[in-house]
Amino acid sequence: MGAQQVRAGFEELYGTAPEGVWAAPGRVNLIGEHTDYNDGFVMPFALPHTAVAAVSRRTDGLLRLHSADVGGGVVELRADELAPGSDRNWTAYPSGVVWALREAGHAVTGADVHLASTVPSGAGLSSSAALEIVVALALNDLFSLGLRGWQLARLCQRAENVYVGAPVGIMDQTASACCEAGHALFLDTRDLSQRQIPFDLAAEGMRLLVVDTQVKHSHSEGEYGKRRAGCEKGADLLGVDALRDVPYAGLDAALARLGDEEEVRRLVRHIVTENERVERVVSLLESGETRAIGPVLVEGHASLRDDFRISCPELDLVVDTALAHGALGARMTGGGFGGAAIVLAEEPDVDAITKAMTEAFAAAGFTPPRVFEAVPSSGAHRLD
């Protein structure tokens with residue numbers, strides 16, 4: 001989605017040129033699922049797919065929003081009337097960002113916004129975070145707020161948690177704001193410390209595929225919230241601030257202390273082992289053993305399927321079929337209950353694996369999957 005195309009759309013809508021055009025990417029999480037709201041470790045990287053926003057300031061308190069991807073005209077809101085729960089439409093994401101900025105004391109006096117996105121919606125690739133971050137970055141620049149990427153991520157997380165009502169962690173927004181091209185972002189979600197880990201698969205003869213199952217999910221629906229509440233219950237029962245504080249070496253003892261709380265035991269086991277998997281992948285990548293991360297991805301999928309119980313038949317079919325046809329590793333990615341899986345493969349095997357997955361979906365009567373290569377790309381930035 002080019003800057004010129006979105007700029008032209010803005011001019012047609014509002015009758016004048018925008019003050020600027022910005023882009024923010026979706027993301028794929030390589031490893032570290034559901035650990036972010038447990039103060040744990042995650043490892044996302046940015047996609048080339050982006051949300052693009054053409055924006056101009058207003059001084060009259062009016063917020064005008066339009067999306068090229070959603071039917072309908074321009075939506076007009078008053079900045080001083082924004083309140084959590086007041087908006088149940090797509091506009092809740094950008095208007096929630098304005099609310100969060102104003103709640104934090106930043107003088108955002110209105111804006112005209114035109115948006116377009118190539119991030120697949122409902123696929124677990126953070127289309128909502130991209131939408132939030134691109135608006136936040138634009139307003140940060142236009143109103144000279146001086147906020148850094150991690151600060152914008154925090155405010156956008158608050159917008160989605162409080163204004164939209166989705167209990168997401170900090171990973172998606174931080175990835176969209178802070179990732180670098182050719183790298184995966186090793187993020188400690190407790191203190192937001194970051195390390196950019198080189199991740200150039202093409203240079204080593206490999207590819208990472210994203211397989212969008214076309215099964216839609218929504219973070220604001222109940223199952224995601226149930227998992228989060230279960231993790232919080234586990235932390236309370238174990239007397240720790242967050243499950244991140246349960247050491248991997250002490251996992252068996254911690255599980256024994258949970259007694260007959262079987263559901264909580266499964267959630268705790270996933271979070272503690274997933275944090276260890278993130279650290280293992282970082283170590284392997286930094287030591288040049290990239291192919292060795294494949295089995296770790298498979299372990300992660302089994303944990304999400306069996307302990308966290310958020311996979312679905314389509315995601316399992318992707319993983320099983322890819323591995324049966326020579327993939328180095330595969331797992332579901334994102335919040336679960338649909339969305340996408342990732343497949344790590346040698347470059348010569350990509351076409352055969354893609355064909356096998358497509359045929360397997362057809363045989364099962366599933367909607368054909370969308371398959372594309374994931375190339376680690378830049379975080380949010382101004383385009384013009």
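Asp39 pairs by the side chain to side chain donor-acceptor pair (under 3.5 Å) definition with Arg190, not counting sequence neighbours. Taking Phe361 as the reference, Phe366 meet the ring-ring contact (aromatic ring centres under 6.0 Å, His included) condition, with sequence neighbours excluded. When the side chain to side chain contact (heavy atoms under 4.5 Å, CB included) test is applied to Ala302, the partners found at least two apart in sequence or on another chain are Arg305, Asp306. Looking at residues two or more places apart in sequence or on another chain, you find a side chain to side chain contact (heavy atoms under 4.5 Å, CB included) between Arg266 and Glu262, Glu263, Arg269, Asp307, Arg309. Partners of His34 according to the ring-ring contact (aromatic ring centres under 6.0 Å, His included) rule, which considers only residues two or more places apart in sequence or in another chain, are Tyr37, Tyr224, Phe308. Under the side chain to side chain donor-acceptor pair (under 3.5 Å) criterion, Asp252 pairs with no residue, sequence neighbours left out.
Within 6.0 Å of CH2 in Trp150 there are 12 or fewer heavy atoms belonging to other residues, nucleotides or ligands. More than 12 heavy-atom neighbours from other residues, nucleotides or ligands sit within 6.0 angstrom of CD on Glu286.
Between the side chain of Asp87 and the backbone N or O of Asn89, at least one donor-acceptor pair lies under 3.5 Å. Looking at Thr35, its side chain never comes within 3.5 Å of a backbone N or O of Gly40 through a donor-acceptor pair. Between the side chain of Gln151 and the main chain of Arg148, a donor-acceptor pair closer than 3.5 Å is present. Of the possible donor and acceptor atoms, none in the side chain of Ser303 sits under 3.5 Å from a partner among the backbone N and O of Glu299. Using modelled atom types, no side-chain atom of Ser176 and backbone atom of Gln173 make a donor-acceptor pair closer than 3.5 Å. No donor-acceptor pair closer than 3.5 Å links the side chain of His106 to the backbone N or O of Arg102. No donor-acceptor distance shorter than 3.5 angstrom exists from the side chain of Asp384 to the backbone of Ala3, with no hydrogens or angles considered. The main-chain N or O of Ala130 is never found under 3.5 Å from a side-chain atom of Tyr93 such that the two would form a donor-acceptor pair. The main-chain N or O of Gly339 is found under 3.5 Å from a side-chain atom of Thr213 such that the two form a donor-acceptor pair.
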Start with the C-alpha distance between Phe372 and His49, add both sets of side-chain angles, then the distance that settles ring pair (Phe, Tyr, Trp, His ring centres under 6.0 Å), and finish with yes or no. CA-CA 11 Å; Phe372 59 90; His49 306 71; 4.6 Å; yes
Given side-chain hydrogen bond (donor to acceptor under 3.5 Å, both in side chains), test Asp69 with Ser117 step by step and report yes or no. CA-CA 7 Å; Asp69 310 307; Ser117 179; 5.0 Å; no
May I have the step-by-step check of salt bridge (Lys or Arg N to Asp or Glu O under 4.0 Å) for Glu132 and Arg158, ending in yes or no? CA-CA 11 Å; Glu132 293 158 357; Arg158 176 167 168 74; over 6 Å; no
Under the criterion side-chain hydrogen bond (donor to acceptor under 3.5 Å, both in side chains), I'd like the reasoning laid out for Asp172 against Ser126: C-alpha separation, chi angles, the key distance, then a yes or no. CA-CA 6 Å; Asp172 296 352; Ser126 300; 3.2 Å; yes
Stepwise side-chain hydrogen bond (donor to acceptor under 3.5 Å, both in side chains) check, Glu33 with Asn29: CA-CA 7 Å; Glu33 220 64 78; Asn29 193 24; 3.2 Å; yes
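Applying the ring pair (Phe, Tyr, Trp, His ring centres under 6.0 Å) definition to pairs two or more places apart or across chains, those involving residues 185-214 are Phe41-Phe186, Phe45-Phe199. Within the structure, the ring pair (Phe, Tyr, Trp, His ring centres under 6.0 Å) test picks out no pair touching residues 249-268 (sequence neighbours left out).
Proximity of Pro313 to Asp316: side-chain heavy atoms (C-beta onward) are nowhere separated by under 4.5 Å.
Nearest heavy-atom pair, Val281 versus Met43, reported as atom, atom and distance to 0.1 Å: CG1-SD, 3.8 Å. Closest approach of Val350 to Ala345, counting heavy atoms only: CG2-CB, 4.3 Å. Summarising the geometry of Val97 relative to Cys156, their closest heavy-atom pair is CG2-SG, 4.0 Å, with the distance given to 0.1 Å. Across every non-hydrogen atom of Val296 and Ile31, the tightest pair is O-CD1, 4.2 Å.
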Could you tabulate the donor-acceptor pairs under 3.5 Å formed by side-chain atoms of residues 15-25, not counting sequence neighbours?
from, atom 1, to, atom 2, distance (Å)
Glu19, OE1, Arg57, NE, 3.1
Glu19, OE1, Arg57, NH2, 2.5
Glu19, OE2, Arg57, N, 2.6
Glu19, OE2, Arg57, NE, 3.2
Trp22, NE1, Asp141, OD2, 2.8

Show every donor-acceptor pair shorter than 3.5 Å between a side-chain atom in residues 201-211 and any protein atom, with sequence neighbours excluded, or say none if there are none.
from, atom 1, to, atom 2, distance (Å)
Glu204, OE1, Thr290, OG1, 3.4
Glu204, OE2, Thr290, OG1, 2.9
Arg207, NE, Glu373, OE2, 3.2
Arg207, NH2, Glu347, OE2, 3.0

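With side-chain heavy atoms closer than 4.5 Å counting as contact, directly or through intermediates, the hydrophobic cluster containing Val298 also holds Val319, Leu323. Here Leu62 sits alone; no ILVMFWY side chain lies under 4.5 Å from its own, so it joins no hydrophobic cluster.
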